[in-house]
2 protein chains.
Amino acid sequence: MTYSEENYLKAIYHLSLFQKKGVNTNAIAKMIDSKASSVTDMIKKLAEKNLVEYQKYQGVSLTAEGLLEAKMIVRKHRLWEVFLVEKLDFSWDEVHDVAEELEHINSEKLINKLDAFLGFPTEDPHGDPIPNAKGEIKKMDKKLLSELKLNQKSICVGVKDSSSNFLKYLDKQQIALGSTIEIIEKESFDASLIVLVNGNEMNISNKIASNLYVKTV
Amino acid sequence: MTYSEENYLKAIYHLSLFQKKGVNTNAIAKMIDSKASSVTDMIKKLAEKNLVEYQKYQGVSLTAEGLLEAKMIVRKHRLWEVFLVEKLDFSWDEVHDVAEELEHINSEKLINKLDAFLGFPTEDPHGDPIPNAKGEIKKMDKKLLSELKLNQKSICVGVKDSSSNFLKYLDKQQIALGSTIEIIEKESFDASLIVLVNGNEMNISNKIASNLYVKTV
DNA sequence: ATATATTTTTAGGCAAATCTAAAAATAAAT
DNA sequence: ATTTATTTTTAGATTTGCCTAAAAATATAT
Ligand SMILES: [Mn+2]
Ligand SMILES: [Mn+2]
Ligand SMILES: [Mn+2]
Ligand SMILES: [Mn+2]
């Protein structure tokens, strides 16, 4: 498989998590940062290889084979992110771009040895689940902080937006995976929150709260 | 730089170590496993980018810039080989192909962090020198076992041929980097040797002896 | 229901990297 | 010094992945 094919499969996979129907051509183009016509071309090729199901004008979905391939790419991406953070001291906002390259390295032995070396982690540095060697994903039940009830104690377990910008903001506010979070007041005017993060009171906007995953305790 | 351009630079670099004049088109084609016409095309592109010096029919050589680029690719290749052997328990005959892919990952931070993580190694698992971040190569004085004098004690420090085939043969004979080697008899008929490897007597052919580097002690 | 807007596909082209076959230059041999 | 052989370059195609612009299909609005 080429890098380009792998990137398309991954894009379709990510989009299909939020889209029960077929994934839209335009959505893929946006994610891959290319044009709709290019997407149509590639989709035809992937369909030819039985990696996606495709009917003209009806969007596209992964076949069982395509789904497994996509999960293996995601697995590699997230394992490399763990490696970069745990072993090479990268911060969580620096790993994505490098992992985008590393995810295409093609060696089953490499990735399984890396998995073992890292102690078979189940989540990446952003709290996203890492598929195991069979493609199985242990799903954690987590909710957005914006949906958390008042005075309900919780732990930060992930981010929805993992842009460098957002992650750096969290660093500055000393919010990290594992931080305890509790909402002590909701402002109805702008849906901002006053929260306790590791016991420290702070004010966060609704936008922030809508991009933080928490697990109630 | 594209993967292909990097592979050409690396090939020219390796060939230029044994060739004081310009490197031949055909030699590059052979190493890259492509055709002379393809090489000519690529050389023109590299010359355009000032990475090589090129005059029609006169072969090609690296510019200072091209040389540094080539060394950085070699650096990455060999550091990844160390990583695979030291951290992921690959054997020395399994690392080359994976390193061929990993060497193209493009992140200065990654490679320098990896270097530190590995403890700034100066040689790869085959005894080849690893250029430092500035491209400097510490050269060790080593000679081929076939050139070693009778009864001169030495240590195995590298292999000239690093094909999987040869490396597996060495494993079978329990010859490894660090093994002590001494020639106790030379057979003039076929230039084969009777040697002591870590004290064990064995017979090795001239071909083997011509592919093992040793350092006298 | 018809007109308008949006999405998707097709048609035709381009750049990178490769190839084969032919031509040109260089090297080797008589 | 010519001829012959080898090496290298050019010419012309091919494949992959992408693009723009136009056409076709689908969705939305009146
Ligand atoms: Mn990522
Ligand atoms: Mn991640
Ligand atoms: Mn190697
Ligand atoms: Mn090596």
Side-chain angles (χ1 to χ4, degrees), chain A residues 1-16 18-62 66 69-70 73 100-101 103-104 106, chain B residues 1-16 18-62 66 69-70 73 100-101 103-104 106:
Chain A
M1 245 200 311
T2 66
Y3 281 27
S4 196
E5 289 172 334
E6 292 190 343
N7 283 332
Y8 275 90
L9 282 186
K10 192 172 50 131
I12 295 166
Y13 171 73
H14 286 310
L15 289 167
S16 66
F18 297 89
Q19 177 107 13
K20 222 47 201 171
K21 308 239 168 175
V23 175
N24 296 29
T25 301
N26 267 346
I28 297 169
K30 197 171 198 174
M31 180 162 279
I32 294 276
D33 199 33
S34 67
K35 296 300 155 72
S37 55
S38 307
V39 173
T40 302
D41 283 351
M42 180 57 85
I43 282 174
K44 284 177 179 170
K45 190 152 57 122
L46 295 174
E48 202 64 41
K49 293 188 174 187
N50 275 303
L51 295 165
V52 300
E53 200 67 58
Y54 170 58
Q55 285 168 255
K56 272 189 192 178
Y57 296 100
Q58 301 311 126
V60 70
S61 59
L62 295 168
E69 288 286 357
I73 299 161
E100 285 288 306
E101 296 194 46
E103 73 188 3
H104 299 291
N106 204 356
Chain B
M1 243 196 319
T2 66
Y3 281 26
S4 196
E5 289 172 334
E6 292 190 343
N7 283 333
Y8 275 90
L9 282 186
K10 192 172 50 128
I12 295 166
Y13 171 74
H14 285 310
L15 290 167
S16 66
F18 296 89
Q19 177 107 15
K20 223 48 202 171
K21 308 240 168 174
V23 174
N24 296 28
T25 301
N26 266 347
I28 298 169
K30 197 170 199 175
M31 180 161 280
I32 293 277
D33 199 35
S34 67
K35 297 298 156 72
S37 55
S38 308
V39 173
T40 302
D41 283 352
M42 179 57 86
I43 282 175
K44 284 178 180 169
K45 190 153 56 123
L46 294 174
E48 202 64 42
K49 293 187 174 188
N50 276 303
L51 295 166
V52 300
E53 201 67 58
Y54 170 59
Q55 285 169 254
K56 273 190 191 178
Y57 296 98
Q58 301 311 127
V60 71
S61 59
L62 294 169
E69 288 287 356
I73 299 161
E100 284 289 304
E101 295 194 46
E103 72 189 3
H104 299 290
N106 203 355

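First the proteins, then the strands, lettered A, B, ... as listed; each starts at 1.
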Salt bridge (Lys or Arg N to Asp or Glu O under 4.0 Å) partners for A:Glu53, two or more places apart: none
Point-to-point distance, once rounded to the nearest 0.5 Å, from CE of B:Met42 to CG of B:Leu9: 9.0 Å
Under-4.0 Å side-chain N/O to phosphate OP1/OP2 contact, A:Ser37 with C:dT9: no
Sugar-phosphate, base or nothing in reach of A:Ser38, heavy atoms under 4.0 Å: base
Test side-chain contact (heavy atoms from CB on, under 4.5 Å) applied to A:Asn7 - qualifying residues, sequence neighbours left out: A:Lys10, A:Ile32, A:Glu103, A:His104
Output field: ring centroids A:Tyr3/B:Tyr3 closer than 6.0 Å: yes
Atom pairs under 3.5 Å: protein N/O with N/O of nucleotides 13-16 of chain D:
none

Atom pair OH (A:Tyr54) and NZ (A:Lys56), whose distance is rounded to the nearest 0.5 Å: 7.0 Å
Rounded interatomic separation in angstrom, taking CG from A:Asn7 and C1' from D:dC18: 14 Å
side-chain contact (heavy atoms from CB on, under 4.5 Å) partners of A:Ser16, counting only residues at least two apart: A:Val23
Which atoms of nucleotides 4-8 of chain D (N or O only) lie under 3.5 Å from a protein N or O atom, and what are those distances?
{"residue": "D:dT8", "atom": "OP2", "partner": "B:Asn26", "partner atom": "N", "Å": "3.0"}
{"residue": "D:dT8", "atom": "OP2", "partner": "B:Asn26", "partner atom": "ND2", "Å": "3.4"}

Whole-Å distance separating the NZ atom of B:Lys21 from the C1' atom of C:dT26: 14 Å
Sugar-phosphate, base or nothing in reach of B:Tyr3, heavy atoms under 4.0 Å: nothing
Euclidean distance, B:Lys35 NZ relative to B:Asp41 CG, rounded to 0.5 Å: 14.0 Å
Nearest-angstrom distance from the residue atom NZ of A:Lys30 to P of C:dT6: 14 Å
Spacing between A:Asp41 atom CG and D:dT20 atom P, to the nearest angstrom: 13 Å
Whole-Å gap separating P (D:dT10) and CD1 (B:Ile43): 11 Å
Those residues that, when tested against A:Tyr57, pass ring pair (Phe, Tyr, Trp, His ring centres under 6.0 Å) (two or more places apart): none
